[in-house]
Amino acid sequence: MKLIRCILVTTLLSLLLTGCWGAREIEHMIYVNTLGVDYVNNKVVVYIQMVNFSGIAKKESGQAQEQKTNIGKAEGDSFDTAIFNLYASSPQRIVWSNVKTIVFSESALKNSVINQVLDVWDRYYEFRYTVWTMATKEPMDKVLNTASISNLSAIYSQLNNPIRTYEQNSIIAPLYLYKFIWKWKEKGETVLLPYLEIVSGWTDNKKPSPNISMSGICFLDNHKFRGCLESKDILGIRWVEKKTIRTPLILKDEKTVKALMVMNKIKSSIRPKLIHGKPVFDIKVSMQATLPELNTSFHKSKLEMQAIKEIKNQIMETYLKGLDMDVDVYGLSGILYRKIPNAWHNLSTKDRIPLDQSSIDQIDIKVNLISGGISKMK
């Protein structure tokens, strides 16, 4: 009887163990970290940047290990065809549930590859909508192969974690895919898609170590690519962007920096109204400021007035740059659509309202300089 009982117990335990035989080990799968989408010679080209989780664990536990970047590439007549061609050459199963960023090339934006990507994204269960969405004018393979400094994993780079940089210097707001889709499909909206460049300035053991930086914004509306502007041309956008956390304002006299102010607690609103049947908009912005650098004898009130003047100039300059490209940089058409829909329907042509230099009526800026650091303000 004891022998029979032992045999039964052993048999039952072995049956329980079989439940793990079909399990896949984490190192036996390829986890996509970043997805790149390009369009070359009438073909959609897909790039995937892979992440090594075991290397990350060893690095965080104090064991030095070089972080390698592995890139996969395939092309096809469509986005989904390119992915299946990628499967054909993959040594292991590709997992999409860990994608953190999608990067579109300028060519992909111009040739409406976005529609293909969004269609596949809606249909495959592994894809998520909380991924960062970006563009680039650089060669896609160079962007995805740009290494992080100090042997950090790619998941800690500005490519995959842009919000940390934005918290310190809010110039170009990162964009999640779900917000991209909303603005892409909504009437009157303009998509502000950050674009990346490879920049110099960093070194690793005295060797040049190029890094990735958000260097501008690409604009899309009505399912069309309109063009891109560099960061120096879109400084006005940060003052009406709801996500702006902390941003610098430089006050200059010709080429000399007189002061640098850091702005925070920024609150803004854009209100539409009709004047003689024409839509115009009032912009209001308020903020607090601190003063980390002062190279002049300006008093507090004069600094505030100088800041107000500079912010107004930036808002108008960015708006006019957009008009030159036929771009509604502040989404004024979408604001009118939500606030005064009847007027929008009467005035819009192809889901856009006509805009000109006089479409912005009043700009009201309030700056409260609250601190000069350890030095007292006059």
Side-chain angles (χ1 to χ4, degrees), residues 29-39 44-51 53 72 76 78-84 86-87 93-106 108-109 111-136 140 143-144 153-167 170 172-196 212 214 217-226 237 241-245 331 334 337-338 351:
M29 292 183 282
I30 294 174
Y31 290 85
V32 180
N33 191 54
T34 304
L35 171 65
V37 183
D38 200 356
Y39 190 81
V44 178
V45 185
V46 169
Y47 295 80
I48 58 171
Q49 181 192 72
M50 291 157 277
V51 61
F53 285 112
S78 68
F79 175 68
D80 207 18
T81 303
I83 286 180
F84 272 90
L86 189 67
Y87 290 153
R93 175 184 172 87
I94 295 176
V95 179
W96 301 96
S97 57
N98 283 72
V99 175
K100 291 180 174 58
T101 306
I102 307 175
V103 183
F104 293 98
S105 71
E106 191 172 18
L109 296 175
N111 289 280
S112 301
V113 180
I114 290 175
N115 290 322
Q116 298 180 32
V117 175
L118 296 183
D119 184 64
V120 173
W121 217 267
D122 279 337
R123 298 174 187 276
Y124 190 55
Y125 72 96
E126 282 191 13
F127 289 130
R128 296 175 295 114
Y129 294 95
T130 52
V131 299
W132 299 114
T133 311
M134 304 178 186
T136 187
M140 190 65 70
V143 171
L144 299 187
S153 170
I155 67 174
Y156 301 122
S157 69
Q158 192 171 161
L159 176 64
N160 296 141
N161 194 15
I163 197 66
R164 299 306 173 206
T165 303
Y166 187 69
E167 288 172 348
S170 303
I172 300 169
L175 183 67
Y176 272 125
L177 179 61
Y178 70 84
K179 191 168 185 180
F180 176 98
I181 294 172
W182 162 51
K183 287 183 172 288
W184 177 255
K185 294 183 177 181
E186 187 73 12
K187 291 182 179 180
E189 291 291 342
T190 302
V191 180
L192 276 59
L193 184 63
Y195 79 76
L196 303 168
I212 287 174
M214 285 189 182
I217 293 176
C218 293
F219 300 91
L220 305 94
D221 63 45
N222 290 328
H223 295 191
K224 292 182 180 179
F225 171 75
R226 298 292 179 181
I237 292 176
E241 170 59 58
K242 301 298 184 183
K243 294 192 294 291
T244 300
I245 302 168
Y337 176 73
R338 292 191 299 273
D351 290 340

- Item | Side chain proximity check, Y195 to T136, heavy atoms < 4.5 angstrom | no

- Message: I'd like to know whether N161 forms a side-chain contact (heavy atoms from CB on, under 4.5 Å) with I163, so could you lay out the CA-CA distance, the side-chain angles of the two residues, the decisive distance to 0.1 Å, and finally the verdict.
- Response: CA-CA 6 Å; N161 194 15; I163 197 66; 3.6 Å; yes

- Straight-line distance of L159 CG to T101 OG1, nearest 0.5 Å: 5.0 Å

- Give the C-alpha distance, both sets of side-chain angles, the deciding distance and a yes or no for side-chain contact (heavy atoms from CB on, under 4.5 Å) between L177 and L118. CA-CA 10 Å; L177 179 61; L118 296 183; 4.0 Å; yes

- Message: If I compare all heavy atoms of V99 with all of R128, which pair ends up nearest, and what's the gap?
- Response: O-NH2, 2.9 Å

- Message: Test of understanding: with salt bridge (charged side-chain N to carboxylate O under 4.0 Å, His left out), list the residues that count as partners of D221, not counting sequence neighbours.
- Response: R226, R352

- Task: Would you give the length of the straight line joining atom OG1 of T133 to atom CZ of F104, rounded to the nearest 0.5 angstrom?
- Result: 6.5 Å

- Message: Under the rule for side-chain hydrogen bond (donor to acceptor under 3.5 Å, both in side chains), what residues qualify as partners of D119, not counting sequence neighbours?
- Response: R123

- Message: Restricting to side-chain hydrogen bond (donor to acceptor under 3.5 Å, both in side chains), what partner residues turn up for Y129, sequence neighbours left out?
- Response: D122

- Message: Among residues at least two apart in sequence or on other chains, which ones pass side-chain contact (heavy atoms from CB on, under 4.5 Å) with A82?
- Response: V46

- Indicate yes or no for a side-chain donor-acceptor contact from S170 to the backbone of I245 under 3.5 Å, with no hydrogens or angles considered. yes

- Query: So how far is it from F180 CZ to L175 CG, rounded to the nearest 0.5 Å?
  - Reply: 7.5 Å

- Note on the structure: Sequence neighbours excluded, the answer for ring-ring contact (aromatic ring centres under 6.0 Å, His included) partners of F127 is W96, W121, Y124

- Looking only at heavy atoms, what is the nearest atom pair of P162 and N160, with distance? CD-C, 3.6 Å

- Task: Would you please name every residue forming a side-chain hydrogen bond (donor to acceptor under 3.5 Å, both in side chains) with E189, sequence neighbours left out?
- Result: K183, R338

- Query: Near F84 CZ, under 6.0 Å, is it more than 12 heavy atoms from other residues, nucleotides or ligands?
  - Reply: no

- Any chance NZ of K224 has more than 12 other-residue heavy atoms, nucleotides or ligands included, within less than 6.0 Å? no

- What are the two closest non-hydrogen atoms of W184 and V191, and how far apart are they? N-CG2, 3.7 Å

- Message: What verdict does the side-chain contact (heavy atoms from CB on, under 4.5 Å) test give for Y47 and V143, after you've listed the backbone C-alpha separation in whole Å, the side-chain angles of each residue and the deciding distance to 0.1 Å?
- Response: CA-CA 11 Å; Y47 295 80; V143 171; over 6 Å; no

- Note on the structure: Scanning both residues in full, the closest heavy-atom pair of I237 with I217 reads CD1-CD1, 4.0 Å

- Task: Please round to the nearest 0.5 Å and tell me the distance separating atom NZ of K179 and atom OG1 of T130.
- Result: 15.0 Å

- Residue pair M140 / S105: nearest heavy atoms and the distance that separates them: CE-N, 3.6 Å

- Which residues share a salt bridge (charged side-chain N to carboxylate O under 4.0 Å, His left out) with E126, sequence neighbours left out: R93

- Task: Could you tell me which residues satisfy salt bridge (charged side-chain N to carboxylate O under 4.0 Å, His left out) with K187, sequence neighbours excluded, listed by chain and number?
- Result: none

- Please round to the nearest 0.5 Å and tell me the distance separating atom OH of Y166 and atom CE of M214. 9.5 Å

- Taking atom CD1 of I172 and atom OG1 of T165, what is their separation to the nearest 0.5 Å? 11.5 Å

- Taken in chain and number order and not counting sequence neighbours, the residues that satisfy side-chain hydrogen bond (donor to acceptor under 3.5 Å, both in side chains) with Y176 are none

- Task: Could you list the residues that satisfy side-chain contact (heavy atoms from CB on, under 4.5 Å) with T81, not counting sequence neighbours?
- Result: S78, N85

- What do the steps show when you test V37 against I114 for side-chain contact (heavy atoms from CB on, under 4.5 Å), and what is the final call? CA-CA 9 Å; V37 183; I114 290 175; over 6 Å; no

- Task: List the atom of Q116, the atom of F79, and the distance in Å for their closest heavy-atom pair.
- Result: OE1-N, 2.8 Å

